[in-house]
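Predicted model, so just to flag it, every value in this text is computed and none were measured. Only heavy atoms go into these numbers, but all of them, side chains included; no hydrogens, no water, no symmetry mates.
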Amino acid sequence: TAVADSEPELRASEQGELVDALARSAGVATVVDAVARDYRMEAVSHTGWPFTRWVQSFRAKPLRRLRLEDTTVTVSEQDVRSVLGRSSIPPPSPAARAAVALATRNLAGRAGAGLPVPWADAVDAAAAPPGSELTDALDRAVVGTNLRGRNPAWWRVLGFVQVLLAVGAVAGIVWYLVLWGMSALAFPMPDPPLLGGLVPVPFVLVVGGVVLGLVLAALARALAGIGARRRAATVERRLRESIATVADDYILAPVAEVLERHRSTREALVRARAI
């Protein structure tokens, strides 16, 4: 059996091209974008102006559209397999599949460099697992990755302040309605107290509650944008780690097994010649 003098060294850390291609095929960009939009919607539902935040409940959540909304808990491999195929992540495009094929060929080329043709062919075959197996593995990797995080504390703080401002605005409106009703019924109408001796308190409650609430809602949206980018970056890192594990299990490990067989054969031949 013809063997080479040595085996190429296969480093997982050098397989960025492969992970990039697999991440593209798995729809990581789509999932990350959905995570960012979902974060912004959740932030608005917690910190937005109370009189309009209820509108968020009628909008479809991005992760729910992808059927990935239940990834807040750790799931076992059996659980992941049970939901395989339920996600609505768009299938990989022809360009994405071509990128995976190119990345695996490049990997096989590096791993099989200098090996005799039969061994190089074995490396090529090991680096190209059946498409359905790899696709299913990538789907399981995405479904099994935690796409959420803990709600930030500022959501609760701003949400509480928004409720206080909304209650104040409603109280001011009710105050004015009571005064109007008393005036309409010809009851003696007391003058409302003045804030600082200048501005009526109910006016301060209404205007302050509305204006400050809107300003606070705008500030919350800006903060939500920052938080969404951070959450997206965190989730993208998690997904790429999961994708890298798939690359190790379904591509790098089979290739390494071929190289190990080559090494064992080469060493056995060396021992045989020494006899």
Side-chain angles (χ1 to χ4, degrees), residues 1-29 31 74-82 84-85 89 91-146 234-275:
T1 302
V3 294
D5 295 334
S6 62
E7 300 78 32
E9 186 176 357
L10 192 62
R11 294 187 179 91
S13 59
E14 297 176 354
Q15 310 312 320
E17 177 192 9
L18 178 60
V19 174
D20 289 341
L22 292 177
R24 181 180 176 185
S25 178
V28 166
V31 176
T74 303
V75 294
S76 65
E77 182 176 354
Q78 182 178 1
D79 294 330
V80 171
R81 290 179 183 274
S82 70
L84 179 61
I89 301 174
S93 65
R97 290 193 294 268
V100 172
L102 177 61
T104 54
R105 284 198 301 270
N106 290 341
L107 171 67
R110 292 192 297 270
L115 298 180
V117 173
W119 289 102
D121 290 343
V123 169
D124 287 338
S132 60
E133 289 186 11
L134 184 59
T135 300
D136 291 349
L138 292 174
D139 195 14
R140 290 196 297 272
V142 172
V143 172
T145 301
N146 184 5
T234 298
V235 169
E236 183 176 13
R237 184 177 66 252
R238 293 174 185 169
L239 287 169
R240 288 183 64 86
E241 290 173 355
S242 299
I243 297 299
T245 300
V246 172
D248 288 339
D249 293 342
Y250 285 82
I251 299 176
L252 297 180
V255 169
E257 183 179 352
V258 174
L259 296 179
E260 178 60 23
R261 290 203 307 268
H262 179 274
R263 184 190 65 79
S264 299
T265 302
R266 176 174 56 79
E267 292 176 350
L269 291 175
V270 169
R271 289 193 298 268
R273 294 192 187 101
I275 296 176

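- In this structure Glu7 satisfies the salt bridge (charged side-chain N to carboxylate O under 4.0 Å, His left out) test together with Arg266, sequence neighbours excluded.
- How far CG of Leu107 is from CG of Asp124: 9.5 Å, rounded to the nearest 0.5 Å.
- For the atom pair Thr234 OG1 and Leu239 CG, the distance stands at 11.0 Å (nearest 0.5 Å).
- In terms of heavy atoms, Ala4 sits closest to Pro116 at N-CD, 3.7 Å.
- A search for salt bridge (charged side-chain N to carboxylate O under 4.0 Å, His left out) contacts involving Arg24 returns nothing, not counting sequence neighbours.
- Ser25 and Val100 make their closest contact through CB-CG2, 3.7 Å (heavy atoms, listed as atom of the first residue, atom of the second, distance).
- The distance from atom OG1 of Thr135 to atom CZ of Arg97, rounded to the nearest 0.5 Å, is 8.5 Å.
- Taking 4.5 Å as the limit, some side-chain heavy atom of Leu115 sits within range of a side-chain heavy atom of Pro8.
- To the nearest 0.5 angstrom, Tyr250 atom OH is 16.0 Å from Thr104 atom OG1.
- Heavy-atom minimum distance, Ala127 versus Ala108: CB-CB, 3.9 Å.
- Looking at Val31 and Thr145, their side chains never come closer than 4.5 Å, going by heavy atoms from C-beta outward.
- Arg240 places no side-chain N or O within 3.5 Å of a backbone atom of Ala23 that could act as its donor or acceptor partner.
- The side chain to side chain donor-acceptor pair (under 3.5 Å) check on Glu260 picks up Arg263, with sequence neighbours excluded.
- Thr245 pairs by the side chain to side chain contact (heavy atoms under 4.5 Å, CB included) definition with Asp249, not counting sequence neighbours.
- Between Val142 and Leu138 there is no side-chain heavy-atom pair separated by less than 4.5 Å.
- Considering every non-hydrogen atom in both Ala2 and Trp119, the closest pair reads O-NE1, 3.1 Å.
- With rounding to the nearest 0.5 angstrom, the CG atom of Asn146 is 10.0 Å from the OG atom of Ser242.
- Among residues two or more places apart in sequence or in another chain, the side chain to side chain contact (heavy atoms under 4.5 Å, CB included) test is passed with Pro254 by Ala126.
- In this structure Ala244 satisfies the side chain to side chain contact (heavy atoms under 4.5 Å, CB included) test together with Val19, sequence neighbours excluded.
- Note that the CG atom of Leu22 and the CD1 atom of Ile251 stand 5.0 Å from one another [nearest 0.5 Å].
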